[in-house]
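Since the structure comes first, as structure tokens, the remarks are kept for the end.
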Amino acid sequence: MPELPEVETIRRGLIQSILGRKIEKVIIRNPRLRWPIAEDLADDVPGHTVKGISRRGKYLLFHLTQEVHAKVEPYRITRQKHAKRRNLHVVNEHSEHVFNAVRGYETTVAYSSQETVILHLGMSGSLRVVPVTVVPEKHDHVDLVFDGGDCLRFRDPRRFGAIFKTSADPLTHPLLADLGPEPLGDTFSGEWLFKVSRNRRVAVKAFLMEGKVVVGLGNIYANEALFRAAILPSRPAGSISLPEYDTLAEAIRQTLQEAVDSGGTTLRDFFHSDGEPGYFRQRLCVYGRTGEPCPQCGRPIEQQRICQRSSFFCSHCQR
DNA sequence: ACGAAGCCCTGCAAGC
DNA sequence: TGCTTGCAGGGCTTCG
């Protein structure tokens with residue numbers, strides 16, 4: 001179950017292994033993920049080089065670039081318009097005047113093509129870098145094949161994941177545009193949580209898992225952060241005071257940062273891109289520990305379903 | 001606008 | 001042993 005720390009761990013691993021690699025082709029074995037994989041992924045991505053990998057919430061963003069030397073018909077058309085039509089970005093900024101000077105002759109113009117592959121691991125998704133000759137297994141749905149003979153292989157048994165590409169600014173994509181602040185970033189604070197929780201009666205745990213409130217918190221870390229902040233998960237979000245939200249925001253930061261530093265939490269499905277597990281599981285205080293003693297007071301950890309999700313807490317330490 | 005439920009899907013574990 | 005059932009989960013979508 002990759003949450004922010006797991007996705008961040010994967011991102012860091014991939015930067016080591018695939019940055020600067022050129023994608024030769026995209027193999028789609030099963031397009032039926034959360035949304036059917038569009039054909040433009042296999043059509044438009046090959047030829048591009050991985051120039052960066054970033055993360056927004058639990059989305060991985062592969063920034064791709066390609067130099068294109070296009071033969072241009074000598075139409076009365078500016079370089080910018082030509083680029084716009086082809087959805088390309090002009091690299092060499094010669095003036096329109098210069099371009100018009102060669103009008104009447106076929107000429108070659110250099111562009112860079114920018115694409116972003118956006119990938120969400122859903123619940124059970126994982127990424128491995130393996131030689132393309134390794135026989136794919138049942139749930140290995142997509143390969144990005146690099147020119148060196150290995151590939152980035154996307155496995156997702158439960159198929160809640162997604163992969164798609166955009167040539168526009170990925171942060172304006174409808175799935176990403178309305179996301180809340182990054183919990184490890186500067187704009188996230190108790191003040192923000194307090195502000196957006198006014199008049200909200202939903203349980204604070206469900207509130208924390210809303211992407212518009214803050215990104216990257218799944219069930220595991222929402223439970224853990226609330227335990228740290230000594231707040232009951234069932235409390236209405238709007239009933240929590242500013243000082244409590246200050247504590248909670250700090251608890252969220254600490255929990256996620258420690259999990260990132262430990263390489264994420266491995267329960268069933270999560271492994272790094274090199275196959276190593278994460279080591280945060282040993283440090284979970286309440287998640288999955290129903291009946292076990294609370295690490296602070298020793299009373300048994302309780303479990304309750306809140307908004308269709310299991311919640312774990314200590315009713316003595318959390319109020 | 002809000003809150004709750006539904007849905008997508010497979011693997012695993014528990015119960016019979 | 002082999003079946004059925006329930007549960008897990010993210011996050012978009014639908015319904016009230």
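Naming convention: chains lettered A, B, ... in sequence-line order (proteins, then strands); numbering from 1 in each chain.
The NZ atom of A/Lys212 sits 18 Å away from the P atom of C/dG10 (whole-angstrom rounding). Rounded to whole angstrom, the span from the CG atom of A/Asn223 across to the P atom of C/dG9 amounts to 9 Å. The CZ atom of A/Arg159 sits 8 Å away from the C1' atom of B/dT10 (whole-angstrom rounding). A/Ile306 has its CD1 atom 14 Å from the P atom of C/dG10, to the nearest Å. What separates CG of A/Asn199 from P of B/dG3 is a distance of 9 Å, to the nearest Å. One atom, CZ of A/Arg155, and another, P of B/dG11, lie 11 Å apart when rounded to the nearest Å. When rounded to the nearest whole Å, the span between CZ of A/Arg56 and P of C/dG10 equals 18 Å. Taking atom OH of A/Tyr221 as the reference point, atom P of C/dG11 lies 14 Å away to the nearest angstrom.
Nucleic acid contact for A/Leu175: sugar-phosphate only, since backbone atoms but no base atoms lie under 4.0 Å from a heavy atom of the residue. Contact annotation for A/Glu210: no contact, since no heavy-atom pair falls under 4.0 Å across all strands.
Nearest-nucleotide mapping onto DNA chain B: of A/Val202 and A/Phe160, the residue sitting toward the 5' end is A/Val202. Nearest-nucleotide positions on DNA chain B for A/Gln308 and A/Arg198 put A/Arg198 closer to the 5' end.
With respect to A/Asp143 and A/Arg29, a salt bridge is recorded, a charged nitrogen being found less than 4.0 Å from a carboxylate O.
In this model, the phosphate group of C/dG9 is not approached by any side-chain N or O of A/Arg309 to a distance below 4.0 Å at OP1 or OP2. At least one side-chain nitrogen or oxygen of A/Arg32 sits closer than 4.0 Å to the OP1 or OP2 atom of B/dC9. Distances shown here put a side-chain N or O of A/Tyr59 below 4.0 Å from the OP1 or OP2 atom of C/dC12. For the pair A/His120 and C/dG10, the criterion of a side-chain N or O lying under 4.0 Å from OP1 or OP2 is not met. Of the side-chain N and O atoms in A/His139, one or more sit less than 4.0 angstrom from OP1 or OP2 of B/dG11. Taking side-chain N and O atoms only, A/Ser310 has a distance below 4.0 Å to OP1 or OP2 of C/dA8.
The nucleotide whose nearest atom lies closest to any side-chain atom of A/Tyr287 is, among C/dG9, C/dA8, B/dG11, C/dG9. When distances are taken from the side chain of A/Arg200 to each of B/dG3, B/dT10, C/dG9, the shortest belongs to B/dG3.
No hydrogens or angles considered: a donor-acceptor pair under 3.5 Å links the side chains of A/Ser311 and A/Lys205. Inspection of the A/Thr255 and A/Glu224 side chains reveals no N or O donor paired with an N or O acceptor under 3.5 Å.
If you check distances only, the side chain of A/Arg34 does reach the base of C/dG11 with a donor-acceptor pair under 3.5 Å.
Aromatic ring orientation, A/Phe207 versus A/Tyr245: tilted (interplanar angle from 30° to 60°).
In this structure, A/Ser126 and A/Leu121 have side chains that are not in contact, with every pair of non-hydrogen atoms separated by 4.5 Å or more.
For A/His173 and A/Tyr59, the ring centers are positioned 6.0 Å apart or more.
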